[in-house]
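The structure appears right after this line, and notes come after that.
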Amino acid sequence: QVHLVESGGGLVQAGGSLTLSCAASGVIFSINAMAWYRQAPGKQRELVATITSGGSTNYIDSVKGRFTISRDNAKKLVYLQMSNLKPEDTAVYYCKMVVVSTTRSVYDHWGQGTQVTVSS
């Protein structure tokens, strides 16, 4: 079993900053890509940022220059540093990891979500 646990969400004023963390535990051989998604009320879940095992990153246009995704492979962690937050960033944020098990099976695993609320 693999579990992802997120932390770091909360309420912040517009222009403020938050850092989300997501830690993986369980039977893991390695982790390929990691990503952060978000889902605002009444909207579909959208991909926010990705980071490959080699450290290459990609972002949606609306967060470029404001959000930074990073990872700590040894600790099986992924981070999302968010700055200059805007009310439209308000959403539940989910991490996802592509995990390779000790039997070399590959599955996507999701965190439970953490609420980020940005007040104007």
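Just so you know, these numbers use all the heavy atoms, side chains as well, and skip hydrogens, waters and symmetry mates.
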* For Val12, all residues meeting side-chain contact (heavy atoms from CB on, under 4.5 Å), sequence neighbours excluded -> Leu18, Leu85, Val118
* Which atoms form the tightest heavy-atom contact between Tyr93 and Glu6, and what is the distance? -> O-OE1, 3.4 Å
* To do: Check side-chain contact (heavy atoms from CB on, under 4.5 Å) between Thr52 and all other residues, then give those that pass, not counting sequence neighbours.
  => Ser56
* Using side-chain hydrogen bond (donor to acceptor under 3.5 Å, both in side chains) as the criterion, list what pairs up with Arg66, not counting sequence neighbours. => Asp89
* Give the minimum heavy-atom separation between Ala24 and Met97, together with the two atoms involved. => CB-SD, 3.6 Å
* Report yes if some heavy atom in the side chain of Val116 is under 4.5 Å from a heavy atom in the side chain of Leu20; otherwise report no. => yes
* To do: Supply the atom-to-atom distance Phe67 CZ to Ile60 CD1, rounded to the nearest 0.5 angstrom.
  => 7.5 Å
* **Close side-chain approach of Val92 to Arg45, heavy-atom, < 4.5 Å** => no
* **Pairs meeting criterion disulfide bond (SG atoms under 2.5 Å apart) with involvement of residues 77-120, two or more places apart** => Cys22-Cys95
* To do: State, to 0.1 Å, how close Leu4 and His109 come at their nearest heavy-atom pair, and which atoms those are.
  => CD1-O, 3.1 Å
* To do: Give the other cluster members for Phe29, using side-chain heavy-atom distances under 4.5 Å between Ile, Leu, Val, Met, Phe, Trp and Tyr residues; answer none if it is isolated.
  => Val98, Val100, Val106
* How far apart are the C-alpha atoms of Lys76 and Ile28, what are their side-chain angles, what is the distance that settles it, and do they pass the side chain to side chain contact (heavy atoms under 4.5 Å, CB included) test? -> CA-CA 9 Å; Lys76 302 182 181 66; Ile28 298 171; 3.8 Å; yes
* Which residues share a salt bridge (Lys or Arg N to Asp or Glu O under 4.0 Å) with Glu46, sequence neighbours left out -> Arg38
* To do: Rounded to the nearest 0.5 Å, what's the gap from CG on Leu11 to OG on Ser119? Could you check?
  => 5.0 Å
* Would you name the heavy atoms of Ala14 and Pro87 that are closest together and state the gap between them? => CB-CD, 4.1 Å
* Can you sort out the partners of Asp72 under salt bridge (Lys or Arg N to Asp or Glu O under 4.0 Å), two or more places apart, ordered by chain and number? => none
* Asked: Should Leu77 and Val2 be counted in the same cluster of Ile, Leu, Val, Met, Phe, Trp and Tyr side chains packed under 4.5 Å apart?
  -> no
* For Lys96, salt bridge (Lys or Arg N to Asp or Glu O under 4.0 Å) partners two or more places apart -> Asp108
* Identify the two heavy atoms, one from Asn73 and one from Arg71, that lie closest to each other, and give their separation to 0.1 Å. => OD1-NE, 2.6 Å
* To do: Report the relative orientation of the aromatic rings in Tyr94 and Trp110; use parallel for angles under 30°, tilted for 30 to 60°, perpendicular for over 60°.
  => perpendicular
* To do: With side chain to side chain contact (heavy atoms under 4.5 Å, CB included) as the test, would you mind laying out the steps for Ile69 and Tyr79 before giving the verdict?
  => CA-CA 6 Å; Ile69 187 171; Tyr79 303 98; over 6 Å; no
* Name all residues meeting the side-chain contact (heavy atoms from CB on, under 4.5 Å) criterion together with Glu88; count only those two or more places apart in sequence or in a different chain, and write none if there are none. => Lys86
* To do: Show your reasoning for whether side chain to side chain contact (heavy atoms under 4.5 Å, CB included) applies to Tyr59 and Thr68.
  => CA-CA 8 Å; Tyr59 303 90; Thr68 301; 3.9 Å; yes
* Asked: Can you tell me how far the OG atom of Ser21 sits from the CD atom of Gln81, to the nearest 0.5 Å?
  -> 9.0 Å
* **Listed partners of Lys64 passing salt bridge (Lys or Arg N to Asp or Glu O under 4.0 Å), at least two apart** => Asp61
* Quick one: side-chain contact (heavy atoms from CB on, under 4.5 Å) partners of Ala35, sequence neighbours excluded? -> Tyr37, Leu47, Thr50
* So, the side chain of Gln39 versus the backbone of Gln44: is there a donor-acceptor pair under 3.5 Å, distance only? -> no
* To do: Determine whether Leu80 and Trp36 make a side-chain contact, defined as any pair of heavy atoms from C-beta on separated by less than 4.5 Å.
  => yes
* To do: Begin from the C-alpha positions of Ser25 and Gln1 and carry the test side chain to side chain contact (heavy atoms under 4.5 Å, CB included) through to its verdict.
  => CA-CA 8 Å; Ser25 62; Gln1 277 282 22; over 6 Å; no
* Sequence-distant partners of Thr103, side-chain hydrogen bond (donor to acceptor under 3.5 Å, both in side chains), two or more places apart -> Ser101, Ser105
